[in-house]
Amino acid sequence: MTEVKARLERAVRGKEKILLHGDYDVDGITGVAIMVKTLERLGVTPATFLPERERHGYGVSEEAIHKAQRDGVKLIITVDCGITARDEIQLAREHGMDVIVIDHHRLPAEGLPDTHLILNPLQGDCPYPFKDLSAAGLAFKLSQALLGDEALEFLDLVALSTICDIAPLTGENRILVKNGLEILSKKKNLGLCALSDVAKIKTSKLDTGHVAFILGPRLNAAGRMSSPDTALQLLLTREPREAESLAKILDAENKARQQYEKDVTKEAVQKVERTVNFNRDRVLVVDGKGWHAGVIGIVASRLVEKFYRPAIVISTDEGTGRGSGRSIKGFHLFEALQASGSLLEEFGGHEQAAGLTIKEENISRFREKINSFAAERLAPEALKRHVEVDMELELRELTGTFLDQLELLEPYGIGNPRPVFRSGGLQLRSKARRLYGETYEIVLTDGPLNYQAHLNEKQMLLCAAAGAGSVFEAVYSVKTKQWNGLSTLLLNIKELKEQTGIP
Ligand SMILES: [Mn+2]
């Protein structure tokens, strides 16, 4: 950190040309935004480069380095990428540029790039105790070193990156996100404020859900379908009118992405239903021609949700397939790919998510190979959905004090999930009412009090078949809804079972 800070201060003093090279997802974009804002406060306006997925692929771009040299850049700062970019960083150094790497990805086995200016807490000699910061979280640390407390106002961007990059909301991340959500709720950032407006977020208290499901996808949409620069510009703008028009563009791109994603998901689901032998295959491997690389990861997640088995979705183009996979608990996807490595051109990832490149002619052999690996490693019991219950309780125990204490554990998300409870003896008071999509609402009672509960279509059908007055056991999480100054309690049903034999 000391050396990185000193090098940046030297660049600022000497008014050197600086290029910020990010990545196309929310973490890369917010990390670059934090660095731009920091450098501007120090009196320097840096150039930025964010790769377009289809055009530039992953990681540091050689093209961007050549352009930087032509433009007289003296210092390149990579954010959310760079730790594996040995060749590209070598190239930059040969052309007389220094490179600062701000990256939180795993260190490559082949060795680090040739620069001593690396911010990555996973380095063996890094004394920083917390290892799970997002890349924008690291950029924030650097900003703090340069600006002091002034950097705290960038915490809204840190919260966005931490949630969208699925970093665990434990340790320092929880504090960063908690404070970041408060700043986000105050709508200090013009662009994010405009984005909340077009997305019709009405509440004045934004939570991890708003970021993960509403703001995040809109910021990501540009990077997936076209250029991530729109999202960066939105985070940086000081013009309300520009904020509004950029937010509209992102919202429209997100709608297009959603529709496209729906179409590809439908096609993939049909392929699975037509071609997969569920008794034999435990891992789903589906391929399709020309599916956009920006959505195959999401489609794989949808398949996992629907069929509850690991899924790999491959998009083929001129003989080459690019795939993205998502797993279920108990199946190490990266190890499974390693075991099939001879059939793959490239692969990477971790336990729950991975990516790969494969020759089209090898796809069916790969499907067989990964499934014979799964036949040994993935027990049939692991293919059953399983909700972990934190506590058995009676509904009347959900008192105001209890709920206040529950709120102290927020923000919930990856690594810090919302607590899950189980209660029995709940009587169905009402018919299910459709709220939106496949979400329904019912009223349950434990005798003295009524409770609103949200459930899915399958659970609604169970209630309809049982009829009013029947008794259920429910596994659920609780949420309080603020409405007109009143707070109401809501049960989010995860599992529902009829209890027969109870009068
Ligand atoms: Mn990242």
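Indexing begins at 1, ligand by ligand and atom by atom, following the structure's order.
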Leu236 side chain reached by Leu234 side chain, heavy atoms, under 4.5 Å: no
Close side-chain approach of Arg13 to Glu9, heavy-atom, < 4.5 Å: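 They are in side-chain contact.
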Donor-acceptor pair, side chain of Asn416 and main chain of Thr170, under 3.5 angstrom: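 No, the answer is negative, given that no donor and acceptor are paired below the 3.5 Å cut-off.
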Residue Glu346 excluded, over 12 heavy atoms near CD under 6.0 Å: no
Crowding at NZ, Lys141 (>12 non-hydrogen neighbours, <6.0 Å): yes
Ion pair Arg86/Glu110, N-O distance below 4.0 Å: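 Salt bridge flag = no for Glu110 with Arg86.
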Under-2.8 Å protein N/O/S neighbours of the Mn ion (ligand 1), ordered by chain then residue number: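 For the Mn ion (ligand 1), the protein N, O and S atoms that sit under 2.8 Å away are Asp27 OD2, Asp80 OD1, His104 NE2, Asp165 OD2.
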